[in-house]
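These notes concern the structure reproduced below.
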Amino acid sequence: MYDLIFRLGFRRMDPEFAHHLGMTAVRILGSRPLAPIVRRCTRPEPSLAVEALGRTFPTPFGVAAGFDKNAVGVRGLDALGFGHVEIGTVTAIPQPGNDRPRLFRLVADRALANRMGFNNAGAAAAARRLARLRRGGAVVGANIGKSRVVDVENATADYVRSARLLAPLADYLAVNVSSPNTPGLRGLQAVETLRPLLEAVRDAAGATPLLVKIAPDLPDDEVRGLARLAADLRLDGLIATNTTISRDGLVTDARAVEAIGAGGLSGPPVRERSLEVLRLVRDEVADPSFCVISVGGVDTARDVRERLDAGATLVQGYTGFIYRGPLWAHQINRGLAAD
């Protein structure tokens with residue numbers, strides 16, 4: 001049914017408008033009258049629960065950052081069966097993001113390309129929404145990034161400002177230094193630059209678990225180095241991976257891909273590299289208490305099981321929601337329970 005709706009409706013709409021329309025539906029499903037009804041139909045089997053980061057996740061499968069940038073759809077996503085919601089990316093200073101169009105579908109590849117540029121209402125606004133959600137029970141992570149107007153040299157103070165606002169209200173913080181859509185951001189992944197930044201954010205976060213999110217485009221030795229750094233700093237984990245700037249192996253016509261231009265690619269095209277990075281990280285840090293969240297190209301319950309078997313603690317998705325619809329998490333949870 002959703003496939004028909006997508007082909008006749010959403011596929012013909014501007015992708016960003018379709019996303020906002022979908023988020024409106026998610027918010028309605030998360031309203032007080034509807035959420036309990038929806039949850040009764042989508043609640044994960046108790047056997048899927050995972051203990052991680054000091055919390056019980058009702059299922060290992062959650063929503064990746066980028067889907068709910070401003071913490072407006074948490075209740076609805078929770079009701080639909082996701083085990084956690086990572087909001088953001090949130091910046092200390094509100095910002096509109098890059099010029100439109102900035103979100104594109106590559107339907108033949110079941111992929112998305114985006115250069116959103118961290119469009120969000122700012123950390124203070126997200127903190128107010130999270131404060132209202134504390135009674136809701138959903139597991140919520142907060143993904144924080146650098147404000148575009150802040151120079152890279154001043155990035156640490158900018159991240160710390162967001163961390164101080166959001167850490168008391170989130171179940172974990174994720175430091176995003178790997179989006180390809182903010183100038184200079186990926187340069188922060190260099191170990192010598194990243195160490196003092198993570199130390200400062202860790203101190204600001206206090207007891208809130210802290211993870212760092214890395215790019216799939218890093219060479220293997222740098223992936224291993226960042227995993228060692230996270231473990232050395234006693235971070236609580238690492239998220240692998242963000243979107244890719246690679247355009248290799250796409251089915252979509254090359255002229256259409258060129259017309260889209262710059263941006264990060266998500267969905268099946270990043271699947272293999274994301275799995276490789278997961279294995280590299282887990283090979284470097286075998287300690288099961290070190291939480292590794294795998295994201296990138298996950299579409300089915302089999303994909304989620306593959307990530308868990310490869311050492312992931314938790315798994316996230318985003319792009320699959322666009323192509324599979326609101327019952328996606330329920331379908332995955334049902335497949336995992338039957339495995």
Side-chain angles (χ1 to χ4, degrees), residues 52-54 64-65 86-93 118 123 126-127 140-148 150-243 277-278 280-282 284-287 289-295 312-314 316:
L53 303 174
E86 187 171 308
I87 67 156
T89 295
V90 178
T91 55
I93 301 169
F118 292 169
V140 183
N143 184 299
I144 59 175
K146 184 185 77 67
S147 303
R148 191 182 187 94
V150 173
D151 293 335
V152 172
E153 295 77 17
N154 300 317
T156 296
D158 189 62
Y159 278 95
V160 165
R161 181 178 168 190
S162 293
R164 286 177 175 158
L165 284 166
L166 297 171
L169 302 164
D171 293 298
Y172 70 85
L173 285 183
V175 177
N176 187 348
V177 289
S178 50
S179 169
N181 301 316
T182 296
L185 188 73
R186 284 194 168 194
L188 294 174
Q189 290 178 111
V191 170
E192 62 273 13
T193 306
L194 189 57
R195 178 181 288 273
L197 188 155
L198 291 177
E199 287 175 334
V201 176
R202 181 195 61 195
D203 293 344
T208 302
L210 182 65
L211 300 89
V212 60
K213 186 169 186 175
I214 65 173
D217 307 306
L218 294 168
D220 289 0
D221 60 335
E222 292 187 29
V223 170
R224 291 181 178 277
L226 288 175
R228 288 194 300 270
L229 174 65
D232 182 54
L233 292 176
R234 298 188 178 181
L235 300 191
D236 298 273
L238 183 147
I239 303 175
T241 61
N242 214 314
T243 57
V277 172
L278 164 64
L280 288 168
V281 170
R282 190 48 90 187
E284 200 64 38
V285 188
D287 183 355
S289 68
F290 184 82
C291 178
V292 181
I293 301 179
S294 183
V295 54
T313 315
L314 302 166
Q316 294 178 341

What is the minimum heavy-atom distance between [X] and [Y], and which atoms define it?
| X | Y | result |
| --- | --- | --- |
| N154 | V150 | O-CG1, 3.6 Å |
| P183 | V152 | O-CG2, 4.3 Å |
| V201 | A163 | CG1-CB, 4.0 Å |
| T241 | P216 | OG1-CB, 3.6 Å |
| V295 | A64 | CG2-CB, 3.8 Å |
| D158 | G145 | OD2-O, 3.8 Å |

Trace of the side chain to side chain contact (heavy atoms under 4.5 Å, CB included) decision for K146 with Y159:
CA-CA 6 Å; K146 184 185 77 67; Y159 278 95; 3.9 Å; yes

How long is the straight-line distance from CD1 of I93 back to OG of S147, given to the nearest 0.5 Å?
4.0 Å

Between atom SG of C291 and atom CG of L210, what is the distance when rounded to the nearest 0.5 Å?
11.5 Å

Not counting sequence neighbours, list each pair that qualifies as a side-chain hydrogen bond (donor to acceptor under 3.5 Å, both in side chains) and has a residue in residues 194-210.
R195-D232

Any residue meeting salt bridge (Lys or Arg N to Asp or Glu O under 4.0 Å) with [X], in chain and number order, not counting sequence neighbours:
| X | answer |
| --- | --- |
| R282 | none |
| D217 | R186 |
| D151 | none |

Would you please name every residue forming a side-chain contact (heavy atoms from CB on, under 4.5 Å) with A157, sequence neighbours left out?
none

For S294, enumerate each residue passing the side-chain contact (heavy atoms from CB on, under 4.5 Å) test, keeping only those at least two apart in sequence or located in another chain.
S274, L278, R307, A312

Contacts table for residues 166-179: side-chain donor-acceptor under 3.5 angstrom, sequence neighbours left out:
{"unit_1": "D171", "atom_1": "OD1", "unit_2": "R55", "atom_2": "NH1", "d": "2.5"}
{"unit_1": "D171", "atom_1": "OD2", "unit_2": "R55", "atom_2": "NH1", "d": "3.2"}
{"unit_1": "D171", "atom_1": "OD2", "unit_2": "V140", "atom_2": "N", "d": "2.8"}
{"unit_1": "Y172", "atom_1": "OH", "unit_2": "E86", "atom_2": "OE1", "d": "2.6"}
{"unit_1": "Y172", "atom_1": "OH", "unit_2": "Q316", "atom_2": "NE2", "d": "3.3"}
{"unit_1": "N176", "atom_1": "OD1", "unit_2": "S178", "atom_2": "N", "d": "3.0"}
{"unit_1": "N176", "atom_1": "OD1", "unit_2": "S178", "atom_2": "OG", "d": "3.4"}
{"unit_1": "N176", "atom_1": "OD1", "unit_2": "S179", "atom_2": "N", "d": "3.3"}
{"unit_1": "N176", "atom_1": "OD1", "unit_2": "N242", "atom_2": "ND2", "d": "3.2"}
{"unit_1": "N176", "atom_1": "ND2", "unit_2": "T89", "atom_2": "OG1", "d": "3.0"}
{"unit_1": "S178", "atom_1": "OG", "unit_2": "K213", "atom_2": "O", "d": "2.9"}
{"unit_1": "S178", "atom_1": "OG", "unit_2": "N242", "atom_2": "ND2", "d": "2.9"}
{"unit_1": "S179", "atom_1": "OG", "unit_2": "N181", "atom_2": "N", "d": "3.2"}

Are side-chain heavy atoms of [X] and [Y] found at a separation under 4.5 Å?
| X | Y | answer |
| --- | --- | --- |
| D236 | F290 | no |
| L314 | V292 | no |
| L198 | L233 | yes |

Under the criterion side chain to side chain contact (heavy atoms under 4.5 Å, CB included), I'd like the reasoning laid out for L238 against V281: C-alpha separation, chi angles, the key distance, then a yes or no.
CA-CA 8 Å; L238 183 147; V281 170; 3.9 Å; yes

T91 meets the side-chain hydrogen bond (donor to acceptor under 3.5 Å, both in side chains) criterion, sequence neighbours left out, with N120

D287: which residues meet the side-chain hydrogen bond (donor to acceptor under 3.5 Å, both in side chains) condition with it, sequence neighbours left out?
S289

Would you mind writing out the side-chain donor-acceptor pairs for residues 223-231 within the sub-3.5 Å range, not counting sequence neighbours?
{"unit_1": "R224", "atom_1": "NH1", "unit_2": "D283", "atom_2": "OD2", "d": "3.0"}
{"unit_1": "R224", "atom_1": "NH1", "unit_2": "E284", "atom_2": "OE1", "d": "2.9"}
{"unit_1": "R224", "atom_1": "NH2", "unit_2": "D283", "atom_2": "OD2", "d": "3.4"}
{"unit_1": "R228", "atom_1": "NH1", "unit_2": "E284", "atom_2": "OE2", "d": "3.2"}

Verify, without hydrogens or angle tests, whether Q189 (side chain) and I214 (backbone) share a donor-acceptor contact under 3.5 angstrom.
no

